[in-house]
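Take a look at the structure set out below.
Treat the numbers as computed from the prediction; the structure is a model and nothing was measured.
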Amino acid sequence: TSRRNELKRTSSRTSRRNELERTSSRTSRRYAAYGAPADVSLRATDVRGAGDSVFEYTFVALTPAMREVPRRVRVRAIVVGDDVVMLVAGSTANRWKLAAASVDEAVGSFSAREAPEFSSEMVGYRKRVGK
């Protein structure tokens, strides 16, 4: 039975990681405004904890003038309840060396958690606003 539970946990972690990768690489987001990104490649994955991963992608995006621009982004995806909250930070491939430190800082400082069901701050706010 312990082996079966271990397999379930491993399977659950693997499927959650696959779901995070799939969610973070969707092409219907900002970079698809002028056409789907091309040559999308997952370069690296850093699992920082249960439900907290950083993915690094390279791809080619189209500009409004329909020029192809190679880009590199890092996506931090954190599972919060039934949702995935993501921060996407990146740069053009040519400027990556200059932007990498800022991107790392932004990705490293990002966090997400569930909103509290009840807090004294909200009670005070509601009293002030009259709700």
Side-chain angles (χ1 to χ4, degrees):
T1 353
S2 68
R3 176 73 176 142
R4 184 178 303 146
N5 290 339
E6 183 179 325
L7 287 174
K8 274 185 182 177
R9 282 193 302 271
T10 304
S11 173
S12 175
R13 280 193 304 262
T14 303
S15 64
R16 179 169 276 177
R17 180 174 171 224
N18 291 342
E19 178 66 18
L20 286 174
E21 285 180 15
R22 187 184 65 72
T23 303
S24 65
S25 66
R26 283 193 184 148
T27 58
S28 62
R29 302 290 190 245
R30 179 205 189 284
Y31 296 107
Y34 302 102
D39 301 327
V40 178
S41 173
L42 177 63
R43 294 180 52 101
T45 302
D46 177 21
V47 178
R48 297 189 175 188
D52 183 0
S53 299
V54 176
F55 305 98
E56 186 172 319
Y57 292 96
T58 58
F59 59 93
V60 176
L62 290 174
T63 67
M66 296 303 171
R67 290 186 309 228
E68 293 184 344
V69 178
R71 298 191 63 90
R72 192 167 172 178
V73 297
R74 288 205 178 116
V75 179
R76 183 153 185 195
I78 301 174
V79 176
V80 178
D82 293 334
D83 298 319
V84 177
V85 181
M86 293 185 289
L87 171 75
V88 180
S91 174
T92 61
N94 293 340
R95 294 183 182 170
W96 181 254
K97 287 184 181 179
L98 296 173
S102 297
V103 168
D104 286 341
E105 185 179 339
V107 168
S109 68
F110 179 70
S111 66
R113 61 184 177 154
E114 289 193 51
E117 292 292 322
F118 172 80
S119 74
S120 58
E121 292 174 8
M122 285 304 297
V123 170
Y125 172 77
R126 288 186 180 125
K127 284 181 182 176
R128 283 192 311 273
V129 174
K131 290 186 178 182

Any side-chain heavy-atom pair from Leu62 and Glu68 closer than 4.5 angstrom?
yes

How many angstroms lie between CZ in Arg72 and CZ in Arg95, if you round to the nearest 0.5 Å?
16.0 Å

So how far is it from Arg48 CZ to Ser53 OG, rounded to the nearest 0.5 Å?
9.5 Å

Using the side chain to side chain contact (heavy atoms under 4.5 Å, CB included) rule, take Phe59 and Asp39 through it: C-alpha gap first, then chi angles, then the decisive distance, then the call.
CA-CA 5 Å; Phe59 59 93; Asp39 301 327; 5.9 Å; no

Validation: residues 76-90 side-chain donor-acceptor distances under 3.5 Å, sequence neighbours left out:
| residue | atom | partner | partner atom | Å |
| --- | --- | --- | --- | --- |
| Arg76 | NE | Asp52 | OD1 | 3.0 |
| Arg76 | NH1 | Val107 | O | 2.8 |
| Arg76 | NH1 | Gly108 | O | 3.3 |
| Arg76 | NH1 | Phe110 | O | 3.0 |
| Arg76 | NH2 | Asp52 | OD2 | 2.7 |

